[in-house]
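Position 1 is the first residue of the sequence; numbering continues from there. Atom set for the values below is all heavy atoms of this structure, side chains included, hydrogens, waters and symmetry mates excluded.
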Amino acid sequence: MSSIPVAETVASLMPRAKAELTELVAFKSVADFDQFPRSESEGAARWVADALRAEGFEDVALLDTPDGTQSVYGYLPGPEGAKTVLLYAHYDVQPPLDEAGWSTPPFELTERDGRWYGRGAADCKGGVIMHLLALRALKANGGVPVHVKVIAEGSEEMGTGGLERYAEAHPELLKADTIVIGDSGNFRVGLPTVTTTLRGMTMVRVQIDTLAGNLHSGQFGGAAPDALGALIRVLDSLRAEDGSTAVDGLTGGSSWEGLQYDEAQFRADAKVLDGVELIGSGTVADRIWARPAVTVLGIDCPPVVGATPSVQASARALVSLRVPPGVDAAHATKLLQAHLEAHTPWGARVSTEQIGQGQAFRADTTSPAYQAMADAMAVAYPGEEMQYAGQGGSIPLCNTLAGLYPEAEILLIGLSEPEAQIHAVNESVSPQELERLSVTEALFLRNYAGS
């Protein structure tokens, strides 16, 4: 059966895809219910469930996961004896950060300069739409040749592990021959890429206390221990002079042997200011895909505006640590906590709390599913060969699924290429990438069914 009708069908569906992504982006589905209403996430979950029912999915359910959020599940039966493919995406999103930094409202999908802007447009509400487009194209051209399970997670960005724990308690639910995780992205627009490794992650909150209460800096400063100053010293100890991560006892990772990331291109993608150096050593690919990376995500302290001349009695920070495949995230968490406690100066009181954690992941690229994906990408991206890349981010569910279903083949594709600026202000998706990757997924399902 020709691939041309599939591509033509997807192209004809793009206006509908834009309208649907507009509806889905409008939900402020941040799974932090101290900041955003739970009703926004629940509304997004219902939208996904309704979309699955409209496509003929059975057993559609809103799964109440142990972290207090909902994941959406559905099953679309295929021909008797067919293989089963699990399609994953997540509907929860990162907070918009500084809304004033957005050129257009973050929860209103807006077209500008050939891209669609909005929080979650690429990460990962666009992934939900990608799955729907692929299935619709197949239904319009001979039918879906495999059994399909869809799972849309509701708390991936928070790293709170709700879906992982649910899957472990219901191991048959997500069982499949192959799993397509629609939450990564091409190395650049127009270059078809599968992600073969993910770094694991842990988040630790550290608090330092030195005084019973704030003191006047003129009267007591110079002798009274400053909790904010102590915290700054602790955080500084997490990096070597060149900016490399330096957590006591944590190995430095390895070298990346696959697709390389040109330094000039990385500077452009990351929008590094002129004259500012990159941190760390080794190739860019080494640093972002194969080695640990510590990041201070936030600090609780008085803002500059309204600050008073006071010695601070308490201060705290949230620290993220990404670890490459081969490093156990639980062990890395203990090392990070021990480092923070050991490097706290002046006998200050220090406490640490783990907030979230996920293991690293490495795919088996020798499986038949990877050949089926390579063939699909060659058609959807004429003249380009499928590339293998790493990703510095984490998708904790990947290792859970790999552990539950060791025979399953796991592939990672998606819409989060560098121009998408996921997790930053002005996140966007390329509609051309959405179209090509939807064609890719449809052709992959057809190829895989016959493999």
Side-chain angles (χ1 to χ4, degrees), residues 6-30 36 40-41 43-44 46-48 50-51 54-55 89-137 140 152 157 182-193 265 268-271 380-382 384 413-442:
V6 168
E8 290 178 345
T9 301
V10 172
S12 72
L13 290 170
M14 288 303 292
R16 179 182 177 184
K18 183 181 181 183
E20 290 180 323
L21 188 56
T22 299
E23 294 176 6
L24 196 50
V25 164
F27 292 103
K28 300 176 181 178
S29 51
V30 179
F36 290 84
E40 293 288 325
S41 289
R46 288 194 299 271
W47 189 100
V48 175
D50 289 343
E55 296 304 320
H90 62 85
Y91 68 82
D92 72 303
V93 299
Q94 285 283 336
L97 303 175
D98 178 15
E99 294 199 29
W102 286 75
S103 299
T104 51
F107 295 104
E108 294 180 17
L109 194 72
T110 306
E111 185 168 1
R112 188 171 72 253
D113 300 325
R115 296 182 68 93
W116 300 345
Y117 285 79
R119 177 56 92 220
D123 182 27
C124 179
K125 291 176 176 179
V128 174
I129 303 301
M130 178 183 74
H131 294 327
L132 291 174
L133 281 172
L135 295 173
R136 288 168 182 161
E157 298 291 7
D183 191 24
S184 60
N186 287 341
F187 182 69
R188 59 173 170 78
V189 171
L191 185 64
T193 310
Q265 184 62 55
D269 291 342
K271 296 179 172 56
Y381 291 83
E384 298 287 354
I413 62 172
L415 300 163
S416 299
E417 37 76 27
E419 293 180 44
Q421 293 191 181
I422 64 170
H423 293 205
V425 299
N426 295 313
E427 178 184 346
S428 67
V429 68
S430 162
Q432 291 76 27
E433 289 289 78
L434 175 58
E435 182 175 341
R436 286 181 291 211
L437 283 166
S438 299
V439 172
T440 294
E441 184 164 274

**OP:** Name all residues meeting the salt bridge (charged side-chain N to carboxylate O under 4.0 Å, His left out) criterion together with Glu23; count only those two or more places apart in sequence or in a different chain, and write none if there are none.
**Re:** none

Original post:
Does a donor on one side chain sit under 3.5 Å from an acceptor on the other, for Thr110 and Glu108?
Top reply: no

Original post:
Mind checking what makes ring-ring contact (aromatic ring centres under 6.0 Å, His included) contact with Phe187, not counting sequence neighbours?
Top reply: Tyr261

Original post:
Is a side-chain donor or acceptor of Ser184 paired with a backbone partner of Ile413 at a separation under 3.5 angstrom?
Top reply: yes

**OP:** Please examine the side chains of His423 and Leu97, heavy atoms only from C-beta on, and report whether any two atoms are closer than 4.5 Å.
**Re:** no

Original post:
Between Ala140 and Thr9, what is the shortest heavy-atom contact and its length?
Top reply: CB-CG2, 4.0 Å

Original post:
Can you list the residues that meet the salt bridge (charged side-chain N to carboxylate O under 4.0 Å, His left out) rule with Asp269, with sequence neighbours excluded?
Top reply: none

Original post:
Say you draw a straight line from OG of Ser41 to NZ of Lys28; how long is it, rounded to the nearest 0.5 Å?
Top reply: 12.5 Å

Subject >> Which residues share a side chain to side chain donor-acceptor pair (under 3.5 Å) with Gln421, sequence neighbours left out >> reply: Lys271

Original post:
Arg112 and Ser103: side chain to side chain contact (heavy atoms under 4.5 Å, CB included), yes or no, with the steps?
Top reply: CA-CA 10 Å; Arg112 188 171 72 253; Ser103 299; 3.6 Å; yes

Original post:
Taking only residues at least two apart or on different chains, which pairs with a member in residues 425-440 satisfy salt bridge (Lys or Arg N to Asp or Glu O under 4.0 Å)?
Top reply: Arg119-Glu427, Glu433-Arg436

Original post:
Closest heavy-atom contact between Ile422 and Ala122?
Top reply: CG2-CB, 4.0 Å

Subject >> Residues Lys18, Ile129; criterion side chain to side chain contact (heavy atoms under 4.5 Å, CB included); working and verdict >> reply: CA-CA 9 Å; Lys18 183 181 181 183; Ile129 303 301; over 6 Å; no

Original post:
Which value, rounded to the nearest 0.5 Å, describes the distance between Lys125 atom NZ and Leu415 atom CG?
Top reply: 14.0 Å

Subject >> Partner set under salt bridge (charged side-chain N to carboxylate O under 4.0 Å, His left out) for Arg16, not counting sequence neighbours >> reply: Glu20, Glu55

Subject >> Considering all heavy atoms, the nearest Gly182-Cys124 contact >> reply: O-SG, 3.1 Å

**OP:** Considering non-hydrogen atoms only, spot the tightest contact between Leu21 and Ala121 and give its length.
**Re:** CD2-O, 4.1 Å

**OP:** May I ask you to test the Glu384-Leu191 pair for a side-chain heavy-atom distance under 4.5 Å?
**Re:** yes

Original post:
Looking only at heavy atoms, which two atoms of Phe36 and Pro95 are closest? And how far apart?
Top reply: CE1-CB, 4.2 Å

**OP:** Under the side chain to side chain contact (heavy atoms under 4.5 Å, CB included) rule, what do Val93 and Asp123 come out as? Steps first, then yes or no, please.
**Re:** CA-CA 7 Å; Val93 299; Asp123 182 27; over 6 Å; no

Original post:
Who pairs with Glu8 by side-chain contact (heavy atoms from CB on, under 4.5 Å), at least two apart in sequence or on another chain?
Top reply: Ile4

Original post:
Heavy atoms, side chains only, cut-off 4.5 Å: are His90 and Asp183 in contact?
Top reply: yes

**OP:** Output every pair passing salt bridge (Lys or Arg N to Asp or Glu O under 4.0 Å) with a member in residues 92-105, not counting sequence neighbours, ordered by first then second residue.
**Re:** none

**OP:** Give the intermediate values and the outcome of side chain to side chain contact (heavy atoms under 4.5 Å, CB included) for residues Trp116 and Val25.
**Re:** CA-CA 11 Å; Trp116 300 345; Val25 164; over 6 Å; no

Subject >> Shortest non-hydrogen separation from Ala380 to Thr440 and the atoms involved >> reply: CB-OG1, 3.1 Å

**OP:** With sequence neighbours left out, write down each residue that passes side-chain contact (heavy atoms from CB on, under 4.5 Å) with Ala51, or none if nothing qualifies.
**Re:** Trp47, Leu132

Original post:
What residues, two or more places apart in sequence or in another chain, satisfy side-chain contact (heavy atoms from CB on, under 4.5 Å) together with Ser428?
Top reply: Arg115, Tyr117

Original post:
Can you list the residues that meet the side chain to side chain donor-acceptor pair (under 3.5 Å) rule with Ser416, with sequence neighbours excluded?
Top reply: none

Subject >> Ala44: side-chain contact (heavy atoms from CB on, under 4.5 Å) partners, not counting sequence neighbours >> reply: Leu24, Phe27, Ser29, Tyr91

